Undergrad: 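Here it is, the structure in full.
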Amino acid sequence: MNYLIELLVSGLAVGAVYGLIAMSFAIIFKATGLLNFAQGEMGMITAYVAFSIASATDGNPWLTAAGAIVFSVLFALAVERIVIRPMVDEPILARIMTTIGLAVIFRSGTMLVWDALPHDMGLAAGSALVDLGGVRVRGAQIGVVVALAVAVAAMLAFFRYSRFGIAMRAVASDDATARLMGVKTARVQQAAWGAAAVMSGIAGALFAIAWELSPSLYALGLKSFPATILGGLDSVVGSAFGGVVIGITENLVGGYLSPGLKEVAGFVIIIAILMVRPYGLFGEKRIERL
Amino acid sequence: MSAPLLKLTGVTKRFGGLTAVNEVSTHVDAGEIVSIIGPNGAGKTTLFNMISGVLPPTEGRIELEGRDLARVAPHDYVRHGIGRTFQNLALFKHGTVVDNILVGRHWRMKTSLVEAVFHFGRPRREEIAARERAEEIIEFLEIETIRDKVVGTLSYGQQKRVELGRALATDPKLLLLDEIVAGMNQEETEDIARFILDIRDELGVSILMIEHDMHLVMDISDRVHALNFGATITEGRPAEVQAHPGVIEAYLGAKAAAARAEPAPLLKARAG
Amino acid sequence: MRSGFYKQTIAEHLALTDSWTQRAWIAVALAALATAPFVLDTYLLTLVTLMMITAVGGIGLNILTGWTGLISLGQTGFMVLGAYGYAIPVETWGWDPLAGFLLAGLVPAAASVLVGIPSLRLTGLYLAITTLASAFIVVHLVLEFPGLTNGASGIFVNRPTVLGWTVFTDQDLFRLVAIFLVLTILGALNLRRSRIGRAWFAIRDKDDAARVMGVDLRTYKLYAFVASSFVVGLSGALYGIFLSFVTVDGFPFLLSIEALAMLIVGGMGSIAGAVLGAVFLVGLPEVVSMVFSAFGDSARALLSTGAHEVKGVLYGLVIIGFLRLQPEGLMGLWRDAQRVWTLWPLRY
Amino acid sequence: MIQTQTQAAGGAAPPLLEIRNARIVYDHAVEAVREVSLSVPQGSVVALLGSNGAGKSTLLKALTGTLALEDGEVEKGAILLDGEDLGRTPTDRIVARGVSLVPEGRRLFANLTVEDNITMGGHLKGAADLARLRAQVYDLFPRLAERRRQIAGYLSGGEQQMVAVGRALMAEPRLLALDEPSLGLAPLIVDQIYATVARLNAEFGMTILLVEQNAMQAMEIADTVYIMENGRIVLDGPAEQMRGNLDVQEYYLGFSGGGERRSFRDVKHYKRRKRWLS
Amino acid sequence: ADQGVTDTEILLGEVEPLTGPPGLLGIAHNLGVRLALAEANAAGGVGGRTLKLVAEDDGYVTSRTIQSLRKLIGVDKVFALTAVSGSGQAVASIPVLKQSGIPTMIPIGPLPPLYEPPMDNVFVVGQSYTEGMHQLALFLAEKHPGAKWGVITQDDDYGAALREGIEQAKGEAQIEVAFETRYARGQKDFSSEMLRVKDAGVEVLIAGGIISENIAMVKEAEKLGITPAIATFWPGRVPEVLKAIGPASDGIYAVDYVAPIQSDAGQAFLELARKHLTEDEVARVNRYTMTGYTSTRLLIAAMQTCAEDLTWACTNQALADGPAVDTGVMAPAAFAGGRFTNSPVTIMQADYETLSYAPVD
Ligand SMILES: Nc1ncnc2c1ncn2[C@@H]1O[C@H](COP(=O)(O)OP(=O)(O)OP(=O)(O)O)[C@@H](O)[C@H]1O
Ligand SMILES: Nc1ncnc2c1ncn2[C@@H]1O[C@H](COP(=O)(O)OP(=O)(O)OP(=O)(O)O)[C@@H](O)[C@H]1O
Ligand SMILES: [Mg+2]
Ligand SMILES: [Mg+2]
């Protein structure tokens with residue numbers, strides 16, 4: 001029993017990381033129809049910045065958290081303004097390709113600014129072990145689950161109570177026409193990039209605390225993207241769910257079947273679900289009629 | 001007497017709780033031009049979708065030359081002689097006009113995947129034949145000047161003509177035209193009217209069309225079928241249907257009916 | 001855009017090209033391929049060889065993604081299958097390389113049907129995931145069956161003897177790959193102008209309408225999978241021969257993204273675009289390196305050990321800058337150039 | 001109710017919209033509009049007629065700044081709103097200045113419900129206005145009220161057109177540009193829409209720029225009519241006068257010489273030459 | 001003389017991953033080579049000629065390795081190669097190396113295909129993973145008799161070599177493997193693996209990852225509160241790993257054929273490095289610097305022997321037959337007529353306090 005619980009708990013923790021990053025993919029997709037291939041890299045950079053702040057402040061968790069969040073937003077807004085916005089009217093493929101280019105720059109840039117070594121984040125609070133009725137977890141793992149819950153609640157409220165939510169969907173559906181309604185598509189895009197950066201930044205930083213900080217952190221983006229698909233590309237909350245499902249599935253398969261099947265198991269689940277629901281668990285169908 | 005070309009019996013389509021088409025029965029004889037009219041959302045296009053295999057009927061039976069179409073795979077409707085155009089343009093917008101029309105010839109051709117890799121022998125002969133036919137259609141529809149243009153860059157009305165060409169290329173026995181003249185001016189409508197009549201008279205294709213242009217409907221159809229809320233209001237010769245109170249109330253409106261019965265008195269006066 | 005040529009017969013309409021300038025270009029390209037082995041040094045020769053192998057793979061992906069609109073992130077999976085499909089029969093069982101090439105196409109083609117069937121209802125990025133998954137599963141399977149694949153240790157691949165012609169030197173390999181590239185281009189062009197090619201782009205643009213025109217969506221999507229993976233598999237086999245060694249490590253996942261990037265940079269949906277994209281993406285790192293070394297030791301000393309990371313950053317910047325200027329890709333650039341050429345000096 | 005306006009309004013006020021010698025080019029190569037000038041006075045109804053591919057929609061796209069998306073560009077000339085050159089003003093800014101467009105092809109947000117689509121039309125409006133405006137739209141198109149929760153992409157063609165028109169009305173624009181509003185609508189609804197447009201013009205002084213194929217309807221409410229062919233304005237004048245023009249009668253209204261409507265059955269089988277082209 | 005040799009210069013080349021996470025290894029190695037060259041140049045070069053190095057980055061991508069090799073051999077025309085990237089890349093390069101005949105040192109990733117059968121011009125410095133694992137396993141079996149083992153390895157040739165080493169040891173000692181699994185390269189989360197390790201009551205854990213994976217495994221063990229004896233392998237034997245793991249890294253075993261930095265030999269090596277490298281560079285010195293240095297020293301020694309007649313043939317011969325080179329940081333290395341130094345390994349243990357390893361007795 002304890003074994004199962006431990007599997008579930010650790011699956012939930014890593015699933016929450018996937019979920020947060022998956023949500024960032026989804027929100028940018030939902031608001032602008034763009035797939036941001038550099039999302040994982042942006043999370044990684046935030047983690048590195050958090051590392052630098054932590055080193056400079058002797059591991060002050062509050063300063064680190066505040067600094068990292070502020071940085072992630074500013075960074076995303078800068079990227080959006082300098083690289084993404086000028087491309088808004090270009091074909092979608094060119095825009096996606098731009099994010100691939102960004103990913104390359106971020107990966108190299110990270111190693112240029114920091115280095116290729118693994119590091120400890122140096123945040124005692126985050127790596128401290130907490131005993132939850134016999135199951136031991138790290139502080140940051142609790143943090144990432146809480147962060148996911150907060151993000152989900154925030155998104156639910158946002159899409160429920162804000163007209164901006166509808167505008168976002170309109171922009172993704174047809175941004176030219178959204179502009180004809182007077183929507184400032186640039187604002188929508190900024191908001192989406194900002195929100196995405198916070199979520200993936202938190203995920204990246206907390207992952208770095210609980211696991212490790214290294215330049216291979218960007219791969220979290222690749223791991224999380226399938227979660228977005230599982231939840232449904234344009235379903236922000238669904239993506240969170242998709243992440244958790246994949247995290248837990250992988251752990252259960254690793255724990256009861258063969259750990260070597262972990263990765264494959266995640267994909268098998270996705271394919272199976274897509275065969276029944278071609279738009280993911282909560283995704284919107286492509287609406288088309290003749 | 002042989003079976004009618006197309007026969008619908010109690011055809012019904014429901015989307016969840018919404019009954020878009022409700023127990024419609026009608027028929028089209030060979031060589032006929034039949035029009036379907038009705039208010040927006042009456043279920044006309046949905047009816048077309050069922051006849052052309054896009055959607056399966058919830059209930060009812062659709063027969064073509066006596067054959068039940070229920071068992072025919074959607075992509076095989078065209079083999080049985082059903083061609084159509086779409087209300088909201090469904091062209092292959094990155095292809096040229098010629099490409100689009102050639103897709104209409106698709107089912108007529110037999111080239112296999114492996115053969116296609118070598119443009120030699122049958123594939124080549126087939127391509128030439130198809131291309132010949134396409135050129136004929138282009139000439140017939142007078143769209144030579146846009147032959148090699150990418151369809152996505154054409155104006156709305158031009159695209160509608162290409163749609164007609166593509167449908168013709170399938171060699172249909174029954175041609176379904178969904179609001180083909182919407183977005184065309186008088187002159188272009190006249191062209192299309194002429195094409196429709198020619199298609200029927202020269203190619204022997206029967207035509208079932210949905211149209212809101214009442215002049216066109218009244219002038220060229222042999223029979224008119226009026227729908228409202230998915231159900232038949234009436235069916236008959238154009239003049240009868242036009243005068244039907246149900247049709248006037250639901251569709252034409254009193255003013256329009258009057259205007260159409262006695263065409264444009266205002267203009268008539270001024271013209272003189 | 002080109003000034004028109006009056007055509008006498010329908011057959012002329014079907015010709016791949018109708019302009020003398022184009023024919024001249026083709027002749028120049030073929031002549032360049034024929035003479036390259038005599039004039040290029042081994043380094044450039046292998047660089048071009050790699051570009052051509054990549055181009056073959058790009059053309060294959062273009063069938064699926066550019067023409068049929070089915071986005072694939074499974075390029076590496078099919079390449080791996082192609083590489084092993086060649087290496088196992090030829091190197092382990094001693095079959096004739098020709099049979100090996102055939103299998104290099106057929107094995108991934110067969111596998112693509114397995115991937116294709118569950119993917120039939122999927123579109124866009126949802127489909128991309130099933131192909132991505134298939135690539136992971138392929139790698140997993142290769143490692144799971146070491147008896148056949150030699151597991152992680154891989155298989156050495158010798159340069160083949162094809163129809164009595166022993167491909168031995170780098171020059172020979174260049175010629176072999178060039179032949180494959182030319183054949184692939186011809187085959188792909190033929191497909192494109194056949195009813196199959198038209199059915200594919202009809203599916204991409206408007207699948208419902210395509211079906212009403214008699215295109216069986218399932219069959220033709222599977223055809224696209226099969227044709228695409230056949231070609232991609234061939235590129236995998238050539239890549240294996242190029243590396244002289246086949247392992248799953250030789251086909252890192254990022255290659256799948258790079259393959260897509262190639263099509264985008266080249267211009268989605270065109271064969272020339274796929275080729276240009278391959279030239280661009282394979283050549284770019286080399287060019288960046290060259291530019292970098294032109295700055296000499298001073299720059300290197302300044303940046304010390306970070307020099308290579310700076311190259312990475314530059315590489316990304318070039319891609320972004322290029323897209324900013326030319327969002328339609330290299331083909332767009334080509335079209336613009338053509339327009340200037342044919343319209344000059346009058347614009348309309 | 002369909003009273004045409006007093007001509008006075010048009011004469012005194014400065015033109016709300018003026019297009020001066022505009023030349024519009026797609027892809028740097030395809031000239032869609034050549035040297036077109038057109039003026040839409042405050043409070044008037046201007047109709048723009050013309051055959052397929054004449055460049056009407058292109059003009060409207062230029063007006064709302066959405067041309068660039070299709071690689072189009074106003075190469076020469078100017079588009080002035082309130083006498084001010086719009087230049088490269090972004091679309092949302094133009095819309096904020098009181099221009100609203102019913103675009104060609106409806107362009108609904110297919111995934112959104114009917115209600116959300118209509119709400120999007122009032123994006124720049126306050127919450128209080130929204131409710132009122134929505135009620136008005138539903139009033140005009142009761143059919144949409146029934147369908148308000150339905151996903152817009154599944155609506156029938158005509159229903160979609162109603163949403164597109166309703167959505168544009170939500171903005172309470174000063175200048176309402178309609179690209180073939182009657183497209184695909186049943187006669188009854190066409191009458192309603194025209195009645196509404198006329199009323200908006202008469203009661204609220206809303207300025208209307210109307211692109212239409214249904215020349216008869218358009219001429220009934222228009223003050224001024226422009227006719228485009230092949231990217232040029234070939235004929236223009238007050239609606240009254242245009243209705244009397246024999247070419248207009250023949251090619252746009254379908255009357256034969258005697259003022260009788262020709263039957264479509266009797267259309268001659270030859271390419272006609274238009275007098276204004278000769 | 002053969003290519004790459006002028007009156008004043010001898011050009012050498014190497015292909016290494018200098019970018020991305022594998023750059024950690026490539027850059028450190030490169031420093032070792034440069035150190036050896038600088039030292040030799042300071043002492044007058046080889047026959048009065050200065051040694052120069054061209055380093056190509058392959059980013060650990062095999063096709064680029066081959067591409068870079070061809071550039072070095074065909075365009076830059078280097079005289080010899082000081083390294084050919086990682087193990088997989090080197091193996092894939094065999095045909096190119098064979099065909100060209102260029103003297104080639106392989107100080108990283110010594111896989112058997114590189115020296116069995118020996119090639120004339122390819123010289124492998126170090127020890128195979130299999131043998132290293134074999135020794136490590138024998139040591140652990142003796143130290144923890146009757147213990148339950150857990151083995152987690154990567155699903156590639158590196159992992160396969162480790163598994164083979166354990167198999168060999170099984171024949172000679174009592175080893176009971178209670179849990180065995182493979183992970184896909186790049187895996188980050190090892191929670192389920194470690195839960196199974198815990199569940200199986202593992203007392204000796206072979207953490208067969210490279211760097212990140214080992215960190216993840218040990219941290220996970222710490223979290224679960226289990227304390228098996230953990231053994232790692234040389235690719236990850238860098239101080240940064242200990243730091244990243246934290247206190248839980250104390251006492252981890254490692255096997256290597258290179259001396260720890262903190263040993264006297266290591267300190268002497270650092271001293272030497274300070275003489276020829278910048279401060280920044282010295283900070284990046286690790287065990288790969290030592291292997292790169294040692295293997296380059298072997299090459300230089302051979303070239304010195306052939307200084308009069310600097311040809312590939314002579315150099316290859318001189319390498320094979322040359323006397324052992326003792327750099328202090330490795331057991332004296334020589335090829336003794338063969339093509340493989342077959343260097344003896346040492347078992348060491350980590351000390352978190354000083355972030356260092358020390359040989360166990
Ligand atoms: N796939 C679908 N899902 C849900 N509802 C649908 C679907 N297709 C059609 N409907 C509904 O069915 C009704 C009939 O639609 P249809 O398109 O057949 O109307 P129509 O008669 O062609 O109207 P119009 O003249 O406006 O084109 C509409 O109310 C529409 O909303
Ligand atoms: N995106 C585009 N790229 C290139 N050419 C275009 C594009 N859009 C329109 N055109 C061309 O510009 C010309 C004018 O098109 P436009 O859509 O303005 O015509 P229109 O008057 O609205 O016609 P319709 O009544 O058929 O809607 C046409 O010849 C068309 O082919
Ligand atoms: Mg309809
Ligand atoms: Mg138009």
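Predicted model, so just to flag it, every value in this text is computed and none were measured. In what follows, chains carry the letters A, B, and so on, assigned in the order in which the sequence lines appear, proteins first and then strands, with residues in each chain numbered from 1.
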Undergrad: Atom CD1 in Ile166(A), atom CG in Asn117(D): separation rounded to 0.5 Å?
TA: 9.5 Å

Undergrad: Among Ile94(D), Leu112(D), Val99(D), Thr64(D), which has the most heavy-atom pairs under 4.5 Å with chain A?
TA: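 Maximum pair count with chain A is reached by Leu112(D).
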
Undergrad: Please report the interatomic distance CG(Asp89(A)) to CG(Leu67(D)), rounded to the nearest 0.5 Å.
TA: 11.5 Å

Undergrad: With a 6.0 Å cut-off (strictly less than), is the heavy-atom count around CZ of Phe241(A), excluding the residue itself, greater than 12?
TA: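 Open.
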
Undergrad: Within a reach of under 6.0 Å around CZ of Arg97(D), are more than 12 heavy atoms found that belong to other residues, nucleotides or ligands?
TA: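 Yes, the 6.0 Å shell around CZ holds more than 12 heavy atoms from other groups.
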
Undergrad: Closest heavy-atom contact between Ser173(A) and Ala110(D)?
TA: OG-N, 3.8 Å

Undergrad: When rounded to the nearest 0.5 angstrom, what is the spacing between CZ in Arg163(A) and CG in Asp116(D)?
TA: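 Spacing of CZ (Arg163(A)) from CG (Asp116(D)) equals 11.0 Å.
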
Undergrad: Under 4.5 Å from any heavy atom of chain D, what part of Ala178(A) do you find: side chain, backbone, both or neither?
TA: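 For Ala178(A), backbone and side chain are both near chain D.
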
Undergrad: Working to the nearest 0.5 angstrom, can you tell me the gap between Asp92(D) CG and Arg187(A) CZ?
TA: 9.0 Å

Undergrad: Lys61(D) versus chain A, heavy atoms under 4.5 Å apart: side chain, backbone, both or neither?
TA: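 Neither part.
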
Undergrad: Nearest 0.5 angstrom please: Leu124(D) CG to Lys184(A) NZ, how far?
TA: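 Between Leu124(D) CG and Lys184(A) NZ, I get 7.0 Å after rounding to 0.5 Å.
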
Undergrad: Looking only at heavy atoms, what is the nearest atom pair of Arg167(D) and Thr177(A), with distance?
TA: NH2-CG2, 3.5 Å

Undergrad: With chain D, which of Glu288(A), Arg179(A), Arg286(A) has the greatest number of heavy-atom pairs at distances under 4.5 Å?
TA: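 Going by pairs under 4.5 Å, I would pick Arg179(A).
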
Undergrad: Pick whichever of Leu108(D), Asn111(D), Leu101(D), Asp71(D) has the most heavy-atom pairs under 4.5 Å with chain A.
TA: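 Result: the option with the highest number of such pairs is Asn111(D).
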
Undergrad: Which bit of Leu155(D) comes within less than 4.5 Å of chain A, counting heavy atoms only: side chain, backbone, both or neither?
TA: backbone

Undergrad: With a 4.5 Å heavy-atom cut-off, do Ile151(D) and Glu284(A) have their side chains touching?
TA: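 Ile151(D) vs Glu284(A): side chains apart.
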
Undergrad: Rounded to the nearest 0.5 Å, what's the gap from NE2 on His123(D) to CE on Met181(A)? Could you check?
TA: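 These two atoms lie 10.5 Å from each other.
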
Undergrad: Testing the basics here: between Arg107(D) and Ala176(A), what is the closest heavy-atom pair and its distance to 0.1 Å?
TA: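 It is NH2-CB, 3.8 Å.
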
Undergrad: Donor-acceptor pair, distance only, cut-off 3.5 Å: does the side chain of Arg289(A) make one with the backbone of Gly153(D)?
TA: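 No, the answer is negative, given that no donor and acceptor are paired below the 3.5 Å cut-off.
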
Undergrad: Check whether Ser100(D) gets within reach of chain A through its side chain, its backbone, both or neither, counting any heavy atom under 4.5 Å.
TA: neither

